[in-house]
Amino acid sequence: MKQEVRIEDIPAAELIKSAMEARKKSYAPYSGYQVGAALLINELRIYTGCNIENAAYTPGICAERTALYKAVSEGKRRFRAIAVAGGRGEELQYAFPCGVCRQVMREFVVPGEFVVIVAKSPEDYKIYSLEELLPESFGPDNLSR
Ligand code: THU
């Protein structure tokens, strides 16, 4: 079921600042592309994450999944929004979540109700529902018997 996102309920600037702060912890010596993410959970706490690369390349993980897995591993599975701050050096780009991260978000949320913010700064950002970024998705419901 598709539902509207209540964008006015999301503290976008605060989430973006947290993502920018988390980005400072990024370990990205191979790509040089640093990403931070801030995940707002239902109880209005923020879990942050950064990308973590690896010399063997494939074990690397995105900032968004770091934040999601931190929350899930602490028993949190109900999420409202995620902000992403990414880029090389000082200047941020609009860093859209990769397909794998979108699919991981989709596992835990109703796509029409989850907000994704891609930010260059707390004042300059784009805001989407997960439904817009991952339409017609495959999810847990497909496997329910
Ligand atoms: N990356 C993220 O952390 N999130 C994204 O949304 C896109 C890509 C990371 C993975 C890798 O460490 C680097 O950015 C370059 O792809």
Side-chain angles (χ1 to χ4, degrees), residues 2-140 142:
K2 198 172 172 179
Q3 287 185 16
E4 288 304 309
V5 186
R6 290 178 51 119
I7 288 170
E8 64 276 13
D9 291 346
I10 304 300
E14 187 189 342
L15 270 188
I16 293 163
K17 283 180 199 160
S18 294
M20 290 172 69
E21 200 55 35
R23 181 173 175 266
K24 294 179 184 167
K25 309 279 193 334
S26 162
Y27 177 72
Y30 306 106
S31 72
Y33 195 90
Q34 289 127 350
V35 188
L39 175 71
L40 182 67
I41 69 167
N42 238 32
E43 299 92 323
L44 303 183
R45 257 193 69 189
I46 294 173
Y47 282 77
T48 60
C50 63
N51 58 330
I52 305 169
E53 298 185 350
N54 189 280
Y57 285 21
T58 54
I61 188 163
C62 293
E64 297 91 320
R65 269 176 293 148
T66 302
L68 285 154
Y69 291 157
K70 278 171 67 180
V72 173
S73 69
E74 294 189 17
K76 307 300 182 190
R77 294 183 186 167
R78 299 183 64 206
F79 309 133
R80 295 190 181 197
I82 194 165
V84 187
R88 280 203 174 94
E90 290 302 301
E91 194 136 331
L92 296 182
Q93 298 177 339
Y94 295 124
F96 284 82
C98 79
V100 173
C101 288
R102 294 178 198 199
Q103 185 65 34
V104 172
M105 292 170 199
R106 198 264 171 266
E107 184 67 22
F108 298 103
V109 305
V110 175
E113 294 177 358
F114 184 71
V115 171
V116 179
I117 299 166
V118 292
K120 288 188 179 179
S121 78
E123 297 81 33
D124 181 356
Y125 59 87
K126 298 183 184 203
I127 191 159
Y128 303 88
S129 69
L130 183 61
E131 174 74 29
E132 292 177 280
L133 300 183
L134 192 71
E136 307 292 352
S137 60
F138 188 89
N142 292 99

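Every heavy atom of this structure was used, including side-chain atoms; hydrogens, water molecules and symmetry mates were not. Each ligand, and each atom within it, is numbered from 1 in the order the structure gives.
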Using distance alone, with no hydrogens and no angle criterion, decide if E53 and S31 have a side-chain donor and acceptor under 3.5 Å apart. yes
What protein heavy atom sits nearest atom 3 (O) of ligand 1, and how far away is it? A63 N, 2.9 Å
Side chains of V35 and V84, heavy atoms from C-beta outward: is any pair under 4.5 Å? yes
Using side chain to side chain contact (heavy atoms under 4.5 Å, CB included), reason through I82 and F114 one step at a time and then give a plain yes or no. CA-CA 8 Å; I82 194 165; F114 184 71; 3.8 Å; yes
Any side-chain heavy-atom pair from L134 and M105 closer than 4.5 angstrom? no
Please identify which atoms of ligand 1 are closer than 4.0 Å to at least one heavy atom of P97. 6 (O)
Near S31 (heavy-atom distance under 4.0 Å), the atoms of ligand 1 are 13 (C), 15 (C)
Pair E91 + K120, salt bridge at N-O below 4.0 Å: no
Using a strict 4.0 Å cut-off to heavy atoms of C98, name the atoms of ligand 1 that fall inside it. 6 (O)
If you scan the protein for heavy atoms around atom 14 (O) of ligand 1, do you find one that is closer than 4.0 Å? yes
Using a strict cut-off of 4.0 Å, indicate which atoms of ligand 1 neighbour a heavy atom of E64. 2 (C), 3 (O), 4 (N), 5 (C), 6 (O)
Closest to atom 8 (C) of ligand 1 among protein heavy atoms sits C62 SG, 4.1 Å
As an exercise, identify every atom of ligand 1 less than 4.0 angstrom from a heavy atom of E53. 11 (C), 12 (O), 13 (C)
Parallel, tilted or perpendicular for F108 and F79, by the 30°/60° rule? perpendicular
Atoms in ligand 1 with a heavy atom of F96 nearer than 4.0 Å: 6 (O)
